[in-house]
Amino acid sequence: LEAPGSGSEVVCLVTPDDGTDEGATVRSNGVTIGNSAPVATSVTLTPTEAYETTTLTCAATGTDADEEAVSFDYTWAVDGVDIAATGATLTGSDFDKGDDVTCTATPNDGLEVGASITSDAVTILNTAPSIDGITLTPDPAYVGDELTCSHTFSDPDGDADESYVDWYVDDAYMSTGETFTPDAEAGAVVTCVVTPFD
């Protein structure tokens with residue numbers, strides 16, 4: 001007997017037979033087949049290397065014994081605490097560097113909700129800082145002037161600026177620090193190099 005779908009009524013008909021004659025057929029009471037809850041079989045959270053600038057995506061798969069379409073509702077937790085966000089994606093506005101993020105998928109076949117499953121945690125990594133601009137003053141500079149290297153620092157994690165400022169005269173390293181008074185003659189080329197560090 002092919003398995004009936006949910007909502008179907010199943011009855012049993014019995015016809016007695018003694019090998020010579022058949023008796024009257026008797027019909028059983030009907031049994032209505034109930035809906036089977038869908039089952040979530042897997043849930044993944046990607047990417048596994050995530051930063052505050054990353055959008056996390058939760059994706060689940062599932063099955064349904066009644067062969068009904070399975071959809072998923074997604075919820076999120078940061079460091080084990082549920083947050084208000086729902087949907088299959090989560091942006092950096094909801095998490096910070098060092099947080100452990102998980103997503104939970106709950107299957108639904110339109111009639112019944114199945115058991116939820118939770119992804120492995122993704123730990124939010126440190127984002128490398130950047131230097132957005134450098135200004136060397138005064139310009140023009142003369143022999144004996146103290147030069148200042150100013151820069152614009154950017155860090156998506158909000159970390160402090162601990163960048164290195166190195167000075168070169170005619171491509172030869174001379175000093176470290178935001179200011180520098182070169183012992184150089186007119187015509188020397190003075191350069192400051194900033195290495196971003198958080």
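Residue indices begin at 1 and follow the sequence shown.
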Step through the shown structure and confirm whether more than 12 heavy atoms of other residues, nucleotides or ligands are within 6.0 Å of [atom1] on [X].
| X | atom1 | result |
| --- | --- | --- |
| D171 | CG | no |
| E146 | CD | yes |
| D120 | CG | no |

Does one side chain, of [X] or [Y], offer a donor that lies under 3.5 Å from an acceptor on the other?
| X | Y | value |
| --- | --- | --- |
| D166 | T176 | yes |
| S116 | T104 | no |
| T123 | D100 | yes |
| T118 | T102 | no |
| T46 | T44 | no |
| T89 | T57 | no |

Is there a donor-acceptor pair under 3.5 Å between the side chain of [X] and the backbone N or O of [Y]?
| X | Y | result |
| --- | --- | --- |
| D99 | I124 | no |
| W76 | D94 | no |
| Y74 | T106 | no |
| W167 | G177 | yes |
| D66 | S36 | yes |
| T41 | T61 | yes |
| D18 | T20 | yes |
| D145 | L147 | no |
| E52 | K97 | yes |
| D109 | L111 | yes |

Looking at every non-hydrogen atom in both residues, tell me the closest pair between [X] and [Y] and how far apart they are.
| X | Y | value |
| --- | --- | --- |
| A24 | P16 | O-CD, 3.2 Å |
| P196 | S163 | CA-OG, 3.3 Å |
| P38 | V113 | CD-C, 4.4 Å |
| D79 | G98 | OD1-O, 4.4 Å |
| A60 | A105 | CB-CB, 3.6 Å |
| A188 | A184 | CB-CB, 3.7 Å |

Distance from [X] atom [atom1] to [Y] atom [atom2], nearest 0.5 Å?
| X | Y | atom1 | atom2 | result |
| --- | --- | --- | --- | --- |
| E49 | T54 | CD | OG1 | 9.5 Å |
| C103 | L45 | SG | CG | 4.5 Å |
| D157 | D198 | CG | CG | 7.0 Å |
| T15 | R27 | OG1 | CZ | 13.0 Å |
| D155 | F153 | CG | CZ | 4.5 Å |
| D73 | T86 | CG | OG1 | 8.5 Å |

Same apolar cluster (I L V M F W Y, side chains within < 4.5 Å links), [X]/[Y]:
| X | Y | answer |
| --- | --- | --- |
| V165 | F197 | no |
| Y164 | M174 | no |
| V39 | V43 | no |
| Y173 | F180 | no |

Tabulate below the donor-acceptor pairs under 3.5 Å that side-chain atoms of residues 129-143 make, not counting sequence neighbours, or state none.
| from | atom 1 | to | atom 2 | distance (Å) |
| --- | --- | --- | --- | --- |
| S130 | OG | D132 | OD1 | 3.4 |

**Prompt:** Are V14 and S28 side-chain neighbours, meaning at least one heavy-atom pair lies under 4.5 Å?
**Reply:** no
**Prompt:** Does the side chain of F95 reach to within under 4.5 Å of the side chain of L56, using non-hydrogen atoms?
**Reply:** yes
**Request:** Show your reasoning for whether side-chain contact (heavy atoms from CB on, under 4.5 Å) applies to L90 and V101.
**Result:** CA-CA 10 Å; L90 190 71; V101 180; 3.9 Å; yes
